[in-house]
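Report on the structure given below.
Chain naming here is simple, since letters A, B, ... match the order of the sequence lines and numbering starts at 1 in each. Values below: all heavy atoms of this structure, side chains included; hydrogens, waters and symmetry mates excluded.
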Amino acid sequence: MRTTEYLLSTLKETPSDAEIISHQLMLRAGMIRKLASGLYTWLPSGLKVLRKVETIVREEMNKAGAIEVLMPVVQPADLWEESGRWDKFGPELLRIKDRHERPFLLGPTHEEVITELVRKEISSYKQLPINLYQVQTKFRDEVRPRFGVMRAREFLMKDAYSFHLSDECLEKTYQKMHQAYCNIFDRLGLDYRPVLADTGSIGGSTSHEFHVLADSGEDAIVFSDQSDYAANIEKAEALAPSETRPEPTAELTKFATPNAKTIADLAEQYQVAPNNSVKTLIVKGVEDENGKQGLVALIVRGDHELNEVKAEKIDLVAEPLEMASDEDIFKTIGAHPGSLGPVSLSIPVYVDRSAAVLADFVAGANEDGQHYSGINWDRDVTNYQVVDIRNVVEGDPSPCGNGKLIIKRGIEVGHIFQLGTKYSEAMKAGVLTESGKHETLTMGCYGVGVSRIVAAAIEQNHDKFGIKWPAAIAPFELVILPMNMHKSHRIPDVANKLYESAKAAGIDVLFDDRKERPGVMFNDMELIGVPNVIVIGERNLDEGLVEFKNRQTGEKISLAIDEAIEFVKQQLESK
RNA sequence: CGGUGAUUAGCGCAGCCUGGUAGCGCACUUGGUUUGGGUCCAAGGGGUCGCAAGUUCGAAUCUUGCAUCACCGACCA
């Protein structure tokens, strides 16, 4: 490809609304342009990268025995009513109506459609197991799209769904997919980790996420420093403290705290140690048989944070988790947030394991502007249950029993689930077994965020000049940079010759034939991140040489003109 | 969904307070200059000032409504 016949669209200035580095570089390198919030057009060089990622994903899926299909983006609502997700999904499900006023939706995922397909097409145990996948555009009406294609509303995803008669068979495919995902991220050249995960709104039992490690990641993932335990913080269990609760030594004492609304205020104004106080969070409870929604108190130590995913799993807590309004809290408890505590609460109380071993601690008195000190469980608070509802913090013991936890940030680029029969049961997908009995299928599902990988790869591979693409997904493998081509006859001759032989050698080559100053060309190519550069200048031509430069290492060497392309070819193949 | 802020040329911004010819830098076009790391000079094109209504002789500027976008928050006890 010649630059003069291509759409490069690089920008010198950084658009002001791009926050993270990958978003800035994707805009500056002319890979994407925003159409509306969370919606992006892929320009030629961005699309090339996207396609290369897609190709690797496809190859590894095929290699693992999955079969490609393509399902519609628009899906009829009745399928989602059948699975129960029409009501359960929140506003991020974009619902639309056709001209006949029939309800449809833009697919955020395709469990319903694939289950509908399989229940019609698969009727015998002989056809199982089967693993079907597609690479398709998804739409999720995100509350807050941000970070460019990292959290866009429309995005490209590879999703696979497998169907089985037994959990053992599902487990086998699950392991195969786990391996396929490792292969994908290895080939992409990314620093990633598979971690234990919560199954979230998709449902199911066993689940792993694949995270690309990056400080800008939106997820916290925890590792053991002594074993290979790794989990999303949502999932990581906070073990019960090993020490037993000390005996009470202090009297329950009320004290006035007119200006203390937070744990930080208490610490500052009254010298209360955060780890010897508790926070009382009030959330909405499930509806009782009369449809009345009560409140539930969740208590964590003052220096800890509530883990919403864990809290949501408590039977009496409404799903999705929602904090109670100040108004409702006051009506029920008689005090406002900032002065709440476990003493004499009339609603169900759940206490985190770490908060449950405190003695003589401080909390709100359920009376505005008042706190208690010297609170003790069982003596002052009797009706409560001890549960794990907090986020682990760095240094906590690892749930696996070995080592302490470290916390890093990650970008979720893959997620695999053992779904079980959640969808197949609701939608009646089954087959006849060898003995002629009808059996419900068990399912797995496996997703890769294709467009997000492009952004994640940049987060991990860039410098002050621009993107440093891993060779496997660079928009071009090689760029030929002739210096001041229009000033000489020799330079265009050599440049054209090298360009033609690179093409003939099957190299994905860009020929920068613009009449630009050398600085402009160098800067553009470094910004775009082409990994291999051949510079042709008068200086070297006298000796029959051209210069080769590696974008990753910055290393420069001189090559004989006739050997240059062969050398690049070897470089590419050695990776 | 709540708070804050923004919306003026393709991009980044000034002008608004105090109403009266719409500006700057980059990018783009043309000519010249320069030529191994974003040269320099000159000329030029490009705007319903987000939309709608109002006040006024006159609105980018004042008022009201709407829309879009962004940031922060949604873990606050």
Side-chain angles (χ1 to χ4, degrees), chain A residues 8-20 23-24 27-28 30 33-39 90-92 141-148 220 233 257 260-266 274 277-283 295 297-311 320-326 329-330 333 335-342 345 352 362-366 368-371 389-391 465-466 481-488 491 514-527 533-541 546-547 549 556:
Chain A
L8 266 189
S9 296
T10 55
L11 301 175
K12 212 186 275 190
E13 284 172 282
T14 306
S16 60
D17 57 356
E19 247 191 304
I20 59 168
H23 189 195
Q24 293 172 2
L27 289 167
R28 287 224 291 133
R33 289 291 180 261
K34 185 167 75 175
L35 179 62
S37 180
L39 302 177
E92 69 172 24
D141 201 356
E142 292 284 348
V143 191
R144 195 176 155 200
R146 57 188 132 170
F147 306 148
I233 198 162
T257 51
K261 289 254 173 211
T262 65
I263 297 289
D265 293 343
L266 278 177
S277 66
V278 302
K279 299 196 252 207
T280 307
L281 309 161
I282 309 295
V283 300
L295 300 179
L298 303 174
I299 295 181
V300 296
R301 212 170 74 189
D303 57 335
H304 284 154
E305 284 184 348
L306 181 71
N307 179 310
E308 293 191 22
V309 170
K310 292 175 183 175
L321 186 90
E322 210 180 327
M323 304 309 284
S325 68
D326 289 9
I329 292 173
F330 185 71
I333 299 173
H336 287 94
S339 304
L340 302 177
L345 267 187
D352 183 71
V362 175
N366 297 325
D368 282 344
Q370 300 287 327
H371 277 75
I389 47 168
R390 73 168 170 97
N391 278 336
F465 302 109
L481 284 190
M483 301 289 96
N484 306 307
M485 191 160 69
H486 58 283
K487 276 284 176 106
S488 128
I491 291 172
R514 291 176 297 175
K515 189 183 166 184
E516 281 290 357
R517 293 175 53 81
V520 174
M521 293 165 117
F522 282 125
N523 281 311
D524 271 350
M525 293 309 134
E526 272 156 11
L527 174 61
V533 186
I534 288 180
V535 183
I536 303 166
E538 283 287 346
R539 217 198 257 168
N540 289 324
L541 234 42
V546 292
E547 182 183 292
K549 191 174 169 190
K556 292 181 192 173

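Within the nucleic acid shown, N540(A) comes within 4.0 Å of at least one base atom, counting heavy atoms only. When heavy atoms are screened at a 4.0 angstrom cut-off, G537(A) is found touching base atoms of the nucleic acid. At the heavy-atom level, E538(A) lies nowhere under 4.0 Å from the strands shown. Residue H304(A) is classed as having no contact, given no heavy-atom separation below 4.0 Å to the nucleic acid. When heavy atoms are screened at a 4.0 angstrom cut-off, N307(A) is found touching base atoms of the nucleic acid. Base contact: K549(A) has a heavy atom under 4.0 Å from a base atom. Within the nucleic acid shown, N523(A) comes within 4.0 Å of at least one base atom, counting heavy atoms only. Using a 4.0 Å heavy-atom cutoff across all strands shown, T280(A) reaches at least one base atom of the nucleic acid.
Comparing atom distances between the L281(A) side chain and each of C71(B), A77(B), U35(B) picks out A77(B) as nearest. You'll find that the side chain of N484(A) is closest to U35(B), out of A70(B), U35(B), G73(B). Listed nucleotides: A77(B), C13(B), G36(B). Nearest to the side chain of L340(A): A77(B). Side-chain atoms of R144(A) lie closest to C71(B) of the nucleotides C69(B), C71(B), G37(B). For K487(A), counting side-chain heavy atoms from C-beta on, the closest listed nucleotide (A70(B), U35(B), A77(B)) is U35(B). For E13(A), taking side-chain heavy atoms from C-beta onward, the closest of the listed nucleotides A70(B), C11(B), C13(B) is C11(B). Of the candidate nucleotides G37(B), A77(B), A70(B), A77(B) has the atom lying nearest to any side-chain atom of M323(A). Closest to the side chain of V143(A), from the set U35(B), C1(B), G37(B), is C1(B). Candidate nucleotides A77(B), G73(B), G36(B) were compared by shortest atom distance to the side chain of P518(A), and G36(B) ranks first.
The nearest whole Å value for the distance from the CD atom in E142(A) to the P atom in C71(B) is 13 Å. Protein atom CZ of R28(A) is 13 Å distant from nucleotide atom C1' of G12(B), rounded to whole Å. Going from atom CG of D303(A) over to atom C1' of A77(B) covers 15 Å, rounded to whole Å. Across the protein-nucleic acid pair, E19(A) atom CD and A70(B) atom C1' stand 9 Å apart, rounded to whole Å. Atom P of nucleotide C72(B) and atom CD1 of I20(A) are separated by 11 Å, given to the nearest angstrom. Atom C1' of nucleotide G10(B) and atom CG of L8(A) are separated by 16 Å, given to the nearest angstrom. We find that CZ of F147(A) is positioned 12 Å from C1' of C72(B), with the value rounded to whole Å. Atom CD1 in I536(A) sits about 17 Å away from atom C1' in G37(B), given to the nearest Å.
N484(A) places no side-chain N or O within 3.5 Å of a backbone atom of K487(A) that could act as its donor or acceptor partner. When atom types are taken as modelled, the side chain of D352(A) and the backbone of R390(A) share a donor-acceptor pair closer than 3.5 angstrom. Remark: side-chain polar atoms of K279(A) are paired, donor with acceptor, to backbone N or O of H304(A) under 3.5 angstrom. One N or O on the side chain of D368(A) and one on the backbone of H336(A) form a donor-acceptor pair closer than 3.5 Å. Between the side chain of R514(A) and the main chain of M521(A), no donor-acceptor pair closer than 3.5 Å is present. A donor-acceptor pair under 3.5 Å links the side-chain atoms of N366(A) to the main chain of G341(A), judged by distance alone. Listed for the S488(A) side chain is a donor-acceptor partner under 3.5 Å among the backbone atoms of I491(A). Remark: side-chain polar atoms of T14(A) are not paired, donor with acceptor, to backbone N or O of Q24(A) under 3.5 angstrom.
Comparing C17(B) with U64(B), their P atoms are spaced 15 Å from each other, to the whole Å. Taking the P atom of each, G46(B) and A9(B) are spaced 15 Å apart, rounded to whole Å. Rounded to whole Å, the separation between the P atoms of U68(B) and C57(B) comes to 35 Å. Separating the C1' atom of U8(B) from that of A14(B) is a span of 9 Å, rounded to the nearest Å. If you take atom P in U4(B) and the same atom in U18(B), they sit 23 Å apart, rounded to whole Å. Comparing the same atom, P, in C1(B) and in G45(B) gives a spacing of 46 Å after rounding to whole Å. On the C1' atoms, A60(B) is 12 Å away from U7(B), given to the nearest whole Å. Taking atom C1' on both A70(B) and A53(B), the two are 27 Å apart, rounded to the nearest angstrom.
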Could you pull out the protein-nucleic contacts involving nucleotides 39-50 of chain B (nitrogen or oxygen on both sides, under 3.5 Å)?
unit_1: U39(B); atom_1: OP2; unit_2: R517(A); atom_2: NE; d: 2.7

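A residue-by-residue look at H336(A) and E547(A) shows that E547(A) has its nearest nucleotide of RNA chain B further toward the 5' end. Mapped onto RNA chain B by nearest heavy atom, G38(A) and I282(A) fall at different nucleotides, with G38(A) at the one closer to the 5' end.
Interface remark: the D524(A) side chain does not form any donor-acceptor pair with the G37(B) base, using a distance-only criterion of under 3.5 Å.
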